[in-house]
Number of protein chains: 2
Amino acid sequence: MPRAGLSSASVVALALDVVDDEGWEALTLAAVASRAGVAVPSLYKHVAGLPALRREVAGVCVDELTGRLTAARGTLVGAPAVLAMAQATRDLAREHPGRYQAAQGDWPLDPAADDLRARAARAVEQMSAAVGELDVPADRRIDAVRAVRAAVHGFVTLELAGGFGLPQDVDTSFDYLITHLTTGLTAHPAA
Amino acid sequence: MPRAGLSSASVVALALDVVDDEGWEALTLAAVASRAGVAVPSLYKHVAGLPALRREVAGVCVDELTGRLTAARGTLVGAPAVLAMAQATRDLAREHPGRYQAAQGDWPLDPAADDLRARAARAVEQMSAAVGELDVPADRRIDAVRAVRAAVHGFVTLELAGGFGLPQDVDTSFDYLITHLTTGLTAHPAA
DNA sequence: GGGCAAAGCTAATGTCATTAGCCAGTCGTG
DNA sequence: CACGACTGGCTAATGACATTAGCTTTGCCC
């Protein structure tokens, strides 16, 4: 019986394939083992179990999101940067729904997820920096970042879930949301 | 062995208890059966299986959301109505996270979910009506409704997932998001 | 009181995760 | 080159859960 030659990294890579092909909830040790051509328990030689594997996959996806945000921001500043980053997020979600879910989705309150939270914080910091370039009062900065994050995440989530029933163009709606939100954020109406 | 006296309705009620106490993902036939004091297969006399039960529970939760939206809107018109409905949504999510998830969360592409979709559409229509009272061009109505839905859903989702790490007041951020978004929607900057 | 439908049960099957313990391939060292 | 340890893979066993099949019993209605 020749060895399969697995490693932690290759198991995570196969897991990413599963996530891409079948979705985040379909990520199961059985699915990974099947792709690896290996019995399920063999995987425990390389990962600590399903929750640990999910955490590792989520980490990769978070980093990918961070990278795309950074790239999208590029040399842009302020509102155009925010828009580009929002679009980059949505693009990732549409190209790899499972990865987006992995990055955003399912790590609620994991105790051992400090590392993951730290990496996710880097993605948030990217958005935060761009939002900070908007004409928003300093003491509203956090509110504004939360607003943009919520808008993007909510839109993408609803879109992926098929929550937009009407045939009306969804790209347009997304741009509409982001531009009008940033407009609203930079308007200081009552006081 | 005296009968437990279950019915479809009582099974759904117990399922709601599970969702309230342990969350939407913890809704399992085993959990319901345990609360009913009954063996798991007995439940099949009252519901068609776990997916069907989830659908029924989701239906109840969607209707509850619709009811709260209607109540929150009350006699308000336009932006105040939108804000009140947004807050009502968030209140539901914070009081009963599991129910919110049930209402919004996990019915992606179920084929047999037409009834559920129809009921969810009623909730959307409530928001849509209020958004329609904003000063938004008619051909932007759908975009605006999507924007508000996305903002509310995204914020609530992130909040429930513990995505707002900073201690900064979250209520304030929410109001900030909704008011500035509606402000942005009613501003028609570059034609 | 008898009969019958519905409500429960047990048993069996299948999926998945996890743990324990075994065996063999591989590599480093003498 | 041979030996031995390490390590990667295996099978077997256990335990949660859903689902189906088929049996038993309760309770109501005549």
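If you're wondering where the values come from, they're calculated on a predicted model, not measured in any experiment. A note on names: the letters A, B, ... follow the listed sequences, proteins ahead of strands, and every chain is numbered from 1.
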Which nucleotide in the list D:dT11, C:dA17, D:dG9 gets nearest to the side chain of A:Pro41? D:dT11
Could you state the CG-C1' distance from B:Leu43 to D:dC17, rounded to the nearest angstrom? 13 Å
Could you check how far NE2 of A:His46 sits from P of D:dC10, rounded to whole Å? 9 Å
Look up atom CZ in A:Arg35 and atom CG in A:Leu14, then write down how far apart they are to the nearest 0.5 Å. 7.5 Å
Interatomic distance, A:Leu27 CG vs C:dC16 C1' [rounded to whole Å]: 13 Å
Quick one: label A:Thr28 by what it contacts on the DNA or RNA (base, sugar-phosphate, nothing), any heavy atom closer than 4.0 Å. sugar-phosphate
Between A:Ser42 and D:dG8, is there a contact of a side-chain N or O with OP1 or OP2 at under 4.0 Å? no
Return yes if some donor-acceptor pair links the side-chain N/O of A:Ser7 with the main-chain N/O of A:Ser10 below 3.5 Å, else return no. yes
Rounded distance in Å - OH (B:Tyr44) to P (C:dA11): 18 Å
Whole-Å gap separating C1' (D:dT20) and CG (B:Leu29): 13 Å
Nearest heavy atom decides the nucleotide; on that basis, is B:Lys45 or B:Gly49 closer to the 5' end of DNA chain D? B:Gly49
Counting the atoms with a prime plus P, OP1 and OP2 as sugar-phosphate, which does B:Val40 contact under 4.0 Å by heavy atoms, base, sugar-phosphate, or nothing? base
Cationic N near anionic O, under 4.0 Å, B:Arg90 to B:Asp171: yes
What is the separation between atom CG on A:Leu50 and atom C1' on C:dT18, rounded to the nearest whole Å? 11 Å
Nearest of D:dC10, C:dA17, C:dG8 to any side-chain atom of A:Ala30? C:dA17
Whole angstrom value for the distance that separates C1' of C:dA17 from CZ of A:Arg54: 12 Å
Separation between OH of A:Tyr100 and CG of A:Leu65, rounded to the nearest 0.5 Å: 7.5 Å
